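This report refers to the structure that appears directly beneath it.
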Amino acid sequence: MKVGVCLKQVPATDTRIRINGAGTGIETGDVKFETNPYDEYAVEAATQLKEQKKATEVVIFTLGEAGAESRIRDALARGADRAVRLDDPAFAGSDSLGKARILAAALKAEDISLVLCGRQAVDTDSSSVPAMIAELLGFAQASWVDKLSVDGGNFSANRAAGSGAREVVTGALPAVVSCDKGLNTPRYASLPNIMAAKKKPIVVKNAAALGIDPASVGAGAALVVETRLTLPPGRPAGRILQGDAATVAAELVSLLRNEAKVI
Amino acid sequence: MSKNILVFCETEAGAPRKSALELLSKGRELAAALGASLSAMVIGAADATTLGSYGATTVYAVSGDASSTEGVVTAVQGAVSASGATVVLASASALARDAFPRLSARIGAGLVVECTDLRVDGGRVVARRPIYAGKALADVEVRSAIALYTTRPNSFPLSASGGAAAAVVAVSPAASAGTTVKLVEVLAPAGATVDLTEAERIVSGGRSLKSKEQFDAVVRPLAASARATPGASRAAVDAGYAGHGDQVGQTGKVVNPTLYIALGISGAIQHLAGMRTSRVIVAVNKDPEAPIFQHASYGIVADLFEVAPALQKEFQKALL
Ligand SMILES: Cc1cc2nc3c(=O)[nH]c(=O)nc-3n(C[C@H](O)[C@H](O)[C@H](O)COP(=O)(O)OP(=O)(O)OC[C@H]3O[C@@H](n4cnc5c(N)ncnc54)[C@H](O)[C@@H]3O)c2cc1C
Ligand SMILES: Nc1ncnc2c1ncn2[C@@H]1O[C@H](COP(=O)(O)O)[C@@H](O)[C@H]1O
């Protein structure tokens, strides 16, 4: 069984977001990029399946520019075998469905039977690409999974359910699983593995290599378009309450009831 | 063709969930601005009286299996084609989060997830949604003939229309030959309270609680006294004071309550990302320089172990 991991780089979670002058995107000049935190759970889950001899090979798939290669190398150092990076000017401006089309074509070409994704990319916060890939490939899916086991051609997963519950689902491979916090604790790469990862192959593919019609992806094909970005409105200045514990507690509850009207 | 807005209404024990009624309330406003009609859909039996009283003129009662992704995708697809809807609204629940992207890819309809606002501008629907964990807001438009939106719970106020019972139309979509993922077991959440993502009140504790025992002895009873759901910072979760499902923040749950009380939480950017849209934020922290105070509506600079019990007493008195 070949396992694919969809890995994206995102602005570090402590980045202060600044909007560009045109209001169409963010300033990325001095932004530090990291691996999407949820994709780290996917890399770790794939590596564990390989250690359990359930996966024969772990392949990283990244749709992104050359700058993403340091994040790919990091995943290779943590146990993945090789990577495919998807890059073409025609891919720019793709919406979630466009991204899913590109990733699906690449996954299909490698004959992947288990696709591991993050539950969401913490820049788009869309949580859409994994289920879209599943539909495009006709694969089963399990979303926001915090426990996973694979046995022969079947899998069992604990997925998020309504009202904070979790559900155990089972299904047959091929499948797409999106990984949530709690699935595992990602390992750090050891120095020898970091050195070894430098020799692992990263293949770059464009639309032609994937057999994708460039008109079916990118900004021109996007069904969903962000027309304007703004910063969230600031909050009005708050009030510091003074006095001993009993006094501030009584004052707070009275303010919550009479001024803020939230209780 | 006349325009139609379809609201996917999740039910609990046969009754529509509050999030569904919120969406019907908003849907009515959009329908008026677009000159569209408003319908609802449910999987299973329809409570036509309640759905009608929130403005749905028709409810599509779809037979299907709401416990599987494929069942939900097929059911919504069936209702969309039966109703001719061009705008489909659903609450961003676990179920919609799982099924709607798949539906989007199946029918080629653009999807905008986790919207916090929907408005009509020049005859088009414009959605607003937080991105970068709420550090920016995006205005989003859909260019396909059918547009799908999921919205964050507690984004829209409830308002009944007092309308008559909705007309019920039964829909039985052909079972799809799709993938078979089977539900084996539902694992109930640890507490019996409302989930964080839907909670109207939250009391969260941080690293400062120092142990699971103290978290259980201080945060949980205070939350209970305020009829709130307990939450936690990542530092508290990673130290084992609370479960992964309790984490609020960029890599935890994004919450949208009317009242958020943060006990001994510094207010790191990743924590703020998960709770910054809370209507009223209360911070209790002994460090007056803690960043959380810059976002707090009310701040108390004190030892949480002294303030929490006093606050618990006051909530008990006030919420008898
Ligand atoms: C990729 C990534 C993702 C992350 N995701 C999240 C996330 O989803 N959610 C999240 O919360 N964090 C997240 N973090 C972690 C975040 O950066 C902070 O480390 C974390 O929020 C700190 O938790 P805390 O406020 O409980 O602890 P601290 O920052 O240690 O703050 C403790 C606070 O308690 C106060 N205090 C101590 N004792 C008392 C007392 N007796 N009475 C009153 N006040 C007291 C202190 O003054 C201090 O302000 C993430 C980090 C990274 C790198
Ligand atoms: N550009 C990309 N390259 C590789 N994987 C991606 C990309 N975008 C999204 N994904 C995968 O899809 C998941 C969810 O992304 P999103 O739907 O954008 O929230 C991510 O955690 C990744 O696993």
Side-chain angles (χ1 to χ4, degrees), chain A residues 13-14 17 19 26 37 97 100 122-128 131-132 134-136 139-143 146 158 160-172 181-182 223-232 235 238-241 245-246 248-250 252-253 255-257 260 262-263, chain B residues 69 93-95 97-98 101-102 104-106 110-114 131-144 179-189 195-196 244-245 250-251 258-259 269-270 279-280 282 295-302 306-307 310-311 314-315 318-319:
Chain A
T13 56
D14 58 1
I17 297 293
I19 311 258
I26 65 161
L97 194 49
V122 303
D123 50 359
T124 65
D125 286 323
S126 290
S127 201
S128 297
M132 288 173 169
E135 172 66 17
L136 294 171
F139 284 17
Q141 74 182 59
S143 304
D146 70 357
N158 289 19
S163 303
R166 317 269 330 169
E167 288 175 352
V168 184
V169 294
T170 57
K181 184 168 188 270
L223 303 179
V224 176
V225 181
E226 289 177 355
T227 52
R228 196 170 78 107
L229 302 192
T230 49
L231 291 178
R235 299 184 72 93
R239 187 177 338 161
I240 300 288
L241 311 185
V248 290
L252 177 66
V253 170
L255 286 167
L256 292 177
R257 167 151 288 177
V262 291
I263 61 167
Chain B
T69 308
S93 63
L95 187 150
R97 229 186 257 131
D98 174 60
R102 188 153 193 144
S104 162
R106 185 165 302 177
L111 166 67
V112 192
V113 303
E114 306 266 344
I131 54 174
Y132 298 103
K135 289 179 231 165
L137 300 171
D139 285 346
V140 188
E141 292 184 26
V142 176
R143 303 216 164 130
S144 47
T179 60
T180 47
V181 176
K182 277 207 252 8
L183 174 63
V184 180
E185 190 186 353
V186 177
L187 309 169
D195 185 52
L196 281 169
H244 288 293
Q250 182 147 19
T251 51
T258 50
L259 174 61
I269 191 163
Q270 297 95 345
R279 175 121 52 92
V280 171
V282 174
H295 302 267
S297 329
Y298 302 109
I300 297 175
V301 182
E306 285 170 23
V307 174
L311 210 44
E314 292 296 332
F315 275 122
L319 299 175

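What you are looking at is a predicted structure, and each value in this text was computed from that prediction instead of being measured. In what follows, chains carry the letters A, B, and so on, assigned in the order in which the sequence lines appear, proteins first and then strands, with residues in each chain numbered from 1. Side chains included, hydrogens not; waters and symmetry mates left out as well; all remaining heavy atoms used.
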For the residue pair Arg235(A) and Arg279(B), what are the closest heavy atoms and their distance? NH2-O, 2.9 Å
Please identify, among Pro232(A), Ala160(A), Ala172(A), the residue contributing the most non-hydrogen atom pairs under 4.5 Å to chain B. Pro232(A)
Which atom names give the shortest non-hydrogen contact between Ala138(B) and Leu229(A), and what distance separates them? CB-CD2, 3.5 Å
What residue, out of Asp98(B), Leu95(B), Ile131(B), has the most heavy-atom pairs lying under 4.5 Å from chain A? Asp98(B)
Under 4.5 Å from any heavy atom of chain B, what part of Ala134(A) do you find: side chain, backbone, both or neither? both
Going by atom type alone, with no hydrogens or angles, which donor-acceptor pairs under 3.5 Å involve a side-chain atom of residues 161-169 of chain A and a protein atom two or more places apart or on another chain?
{"unit_1": "Ser163(A)", "atom_1": "OG", "unit_2": "Arg17(B)", "atom_2": "NH1", "d": "3.3"}
{"unit_1": "Ser163(A)", "atom_1": "OG", "unit_2": "Arg17(B)", "atom_2": "NH2", "d": "3.4"}
{"unit_1": "Arg166(A)", "atom_1": "NE", "unit_2": "Asp146(A)", "atom_2": "OD2", "d": "3.3"}
{"unit_1": "Arg166(A)", "atom_1": "NH2", "unit_2": "Trp144(A)", "atom_2": "O", "d": "2.5"}
{"unit_1": "Glu167(A)", "atom_1": "OE1", "unit_2": "Arg159(A)", "atom_2": "NE", "d": "2.9"}
{"unit_1": "Glu167(A)", "atom_1": "OE1", "unit_2": "Arg159(A)", "atom_2": "NH2", "d": "2.8"}

Turns out that what part of Leu252(A) lies under 4.5 Å from chain B's heavy atoms comes down to side chain
Between Thr13(A) and Gln250(B), do the side chains contain a donor N or O and an acceptor N or O under 3.5 Å apart? no
Val186(B), part contacting chain A, at a heavy-atom distance under 4.5 Å: both
Distance from Leu256(A) atom CG to Glu314(B) atom CD, nearest 0.5 Å? 11.0 Å
Heavy-atom pairs under 4.5 Å with chain A, option from Ala94(B), Gly299(B), Ala105(B), Gly110(B) with the top count: Gly299(B)
For Ala260(A), side chain to side chain contact (heavy atoms under 4.5 Å, CB included) partners two or more places apart: Val262(A), Val280(B), Tyr298(B)
Please identify, among Ser127(A), Gly171(A), Ala100(A), Gly182(A), the residue contributing the most non-hydrogen atom pairs under 4.5 Å to chain B. Gly182(A)
Of all of Asn158(A), Leu255(A), Leu136(A), Leu231(A), which one pairs up most often with chain B through heavy atoms under 4.5 Å apart? Leu255(A)
Can you confirm whether Lys135(B) sits close enough to Ile26(A) that some side-chain heavy atom of one is under 4.5 Å from a side-chain heavy atom of the other? no
Top residue by heavy-atom pair count (under 4.5 Å) with chain B, among Thr124(A), Val122(A), Asp123(A)? Asp123(A)
What residue in Leu196(B), Leu319(B), Thr258(B), Thr69(B) has the most heavy-atom pairs under 4.5 Å with chain A? Thr69(B)
When the 4.5 angstrom heavy-atom criterion is applied to Arg257(A) and chain B, the contacting part is side chain
In terms of heavy-atom pairs under 4.5 Å, which option from Val140(B), Val301(B), Asp139(B), Val282(B) contacts chain A the most? Asp139(B)
Residue selection (most heavy-atom pairs with chain B, distance under 4.5 Å) from Val253(A), Val224(A), Leu241(A), Thr170(A): Thr170(A)
Is the shortest side-chain heavy-atom distance between Ser128(A) and Leu111(B) below 4.5 Å? yes
Rounded to the nearest 0.5 Å, the OG1 atom of Thr230(A) sits from the CG atom of Leu137(B) at a distance of 4.5 Å
At what distance, to the nearest 0.5 angstrom, does OH of Tyr132(B) lie from CD1 of Ile19(A)? 8.5 Å
If you count heavy-atom pairs under 4.5 Å with chain A, which of Leu259(B), Thr251(B), Val142(B) comes out on top? Thr251(B)
Which bit of Pro37(A) comes within less than 4.5 Å of chain B, counting heavy atoms only: side chain, backbone, both or neither? side chain
Between Ala140(A) and Arg102(B), the two heavy atoms sitting closest are C-NH1, 4.1 Å
